[in-house]
Amino acid sequence: MTEQDERPPFLYVVVCAAGIATDVGKLITAAQERRWQVGVIATPLAMNGFFDAAAVEAQTGRPIRSAWRRPGDSRPFPEPDAVVVAPATFNTINKWAAGIADTLALGTLCEAYGLGVPIAALPCVADALAAHPAYQDSLIRLRGMGVRFGDPYSGEVGEDGGRPAFGWERALDLLDR
């Protein structure tokens, strides 16, 4: 039995700057109920009030990562067994597909492909941005890399005046297939 077999699987949750990120605790709870240990990596913009960082750190028992570690610093998370990007924004999806690793979150996503771990993404992209050809090309490229996508979420107000629920648990279901 290896050390990895002895520990619960470790999930990286990459959080981007979208209003729905305020509820990322729902994903963490669902993952923990499925016996995942969770570490959160946030884009620098997401750290600017898009979710309650202190609550997330208390929930995971780990610091949120949003910046590169310095040489000589220990790794705060073990290697991932899977990665979820939720909410995945227009900017992150396009940069990721292009191989741009200018933030820790993007660098982690680019590296995860090379590690061969399952990756699930829940896009949160307005319809007008989703229509952009670069976004469509990015989805094709990332799907070709094996990224598993949930249904897109635009956050648009429905006819009833409410917004649809964001399918946080769907990301975990995508990892199971």
Side-chain angles (χ1 to χ4, degrees), residues 1-43 46 50-52 55-65 75-90 92-97 99 101 104-125 130 135-136 138-155 163-177:
M1 182 176 279
T2 67
E3 181 181 322
Q4 186 171 1
D5 293 332
E6 295 174 10
R7 70 164 173 85
F10 201 89
L11 178 68
Y12 285 11
V13 172
V14 176
V15 181
C16 302
I20 197 71
T22 192
D23 291 331
V24 71
K26 292 179 181 180
L27 173 58
I28 296 165
T29 297
Q32 290 171 332
E33 287 172 352
R34 295 184 191 197
R35 306 287 186 243
W36 288 93
Q37 290 183 8
V38 179
V40 173
I41 299 170
T43 65
F50 281 86
F51 65 97
D52 184 338
V56 166
E57 287 182 346
Q59 189 175 9
T60 64
R62 299 176 182 275
I64 295 169
R65 298 197 58 211
R75 292 182 169 269
F77 299 163
E79 292 293 320
D81 295 294
V83 177
V84 167
V85 190
T89 59
F90 177 84
T92 294
I93 289 169
N94 286 322
K95 283 183 162 187
W96 176 20
L104 176 62
L106 285 162
T108 299
L109 293 173
C110 290
E111 184 178 55
Y113 169 74
L115 293 173
V117 299
I119 306 169
L122 298 179
C124 183
V125 178
Y135 178 73
Q136 295 304 316
S138 294
L139 293 177
I140 291 167
R141 174 173 243 173
L142 292 170
R143 283 187 180 113
M145 292 167 51
V147 176
R148 305 161 188 185
F149 282 92
D151 293 333
Y153 179 86
S154 68
R163 295 186 195 280
F166 189 73
W168 292 104
E169 287 192 35
R170 178 71 177 123
L172 300 173
D173 296 341
L174 290 166
L175 294 175
D176 290 339
R177 63 174 192 164

Give me the atom names and distance for the closest heavy-atom approach of Glu79 to Leu115. OE1-CD1, 3.5 Å

Do Pro8 and Trp36 have side chains that get closer than 4.5 Å, going by heavy atoms? no

Any donor-acceptor N/O pair, Glu57 side chain to Ile64 backbone, under 3.5 Å: yes

Spatial distance of atom CG (Leu172) from atom CG (Leu11) [nearest 0.5 Å]: 6.5 Å

Please check this pair: side chain of Asp23 against backbone of Lys26, looking for a donor-acceptor N/O pair closer than 3.5 Å. no

Above 12 or not: heavy atoms from other molecules or residues under 6.0 Å from OH of Tyr113? no

Would you indicate whether the side-chain heavy atoms of Val84 and Val14 approach each other to under 4.5 Å? no

What's the verdict on side chain to side chain contact (heavy atoms under 4.5 Å, CB included) for Val85 and Leu109, showing C-alpha distance, side-chain angles and the deciding distance? CA-CA 8 Å; Val85 190; Leu109 293 173; 3.3 Å; yes

Donor-acceptor contact present, side-chain Arg65 to main-chain Ile41, <3.5 Å: no

Of all the heavy-atom pairs spanning Ala18 and Thr89, show the shortest one and how long it is. CB-CG2, 4.1 Å

Kindly say whether Leu27 contributes a backbone atom to a donor-acceptor pair with the side chain of Glu169 at under 3.5 angstrom? no

Within-4.5 Å side-chain heavy-atom neighbours: Val15 and Val40: yes

Can you name the nearest heavy-atom pair linking Leu106 to Ala101, along with the distance? CB-CA, 4.0 Å

Is Asp81 salt-bridged to Arg7, cutoff N-O under 4.0 Å? yes

Given side chains that start at C-beta, do those of Val147 and Trp96 come closer than 4.5 Å, heavy atoms only? yes

Does any N or O in the side chain of Gln37 come within less than 3.5 Å of the main-chain N or O of Thr60, such that one atom is a donor and the other an acceptor? no

Can you sort out the partners of Arg143 under side chain to side chain contact (heavy atoms under 4.5 Å, CB included), two or more places apart, ordered by chain and number? Leu139, Phe149

Calculate, to the nearest 0.5 Å, the distance between atoms CD1 and CD belonging to Ile28 and Glu33 respectively. 12.0 Å

Mind checking whether Pro123 and Phe90 have side chains closer than 4.5 Å, heavy atoms only? no

Does atom CZ of Arg141 have more than 12 heavy-atom neighbours from other groups under 6.0 Å away? no

If only atom types and distance count, is the side chain of Thr29 paired as donor or acceptor with the main-chain N or O of Gly25 below 3.5 Å? yes

Ser138 side, atom OG; Asn94 side, atom CG - distance, nearest 0.5 Å: 3.5 Å

Show the nearest heavy-atom pair for residues Trp168 and Pro87, with the distance to one decimal. CH2-CD, 3.8 Å

Does the Arg170 side chain pair with the main chain of Gly150, one donor and one acceptor, at a distance under 3.5 Å? no

Ala88 and Val125 have their tightest heavy-atom pair at O-CG2, 3.9 Å

CG of Leu122 to CZ of Arg148: how many Å apart, nearest 0.5 Å? 13.0 Å

From OG1 (Thr22) to CZ (Phe51), nearest 0.5 Å: 9.5 Å

Thinking salt bridges, do Asp173 and Arg34 make one under a 4.0 Å N-O criterion? yes

Taking all heavy atoms of Ala121 and all of Leu174, pick out the closest pair and write down the distance. O-CD1, 4.4 Å

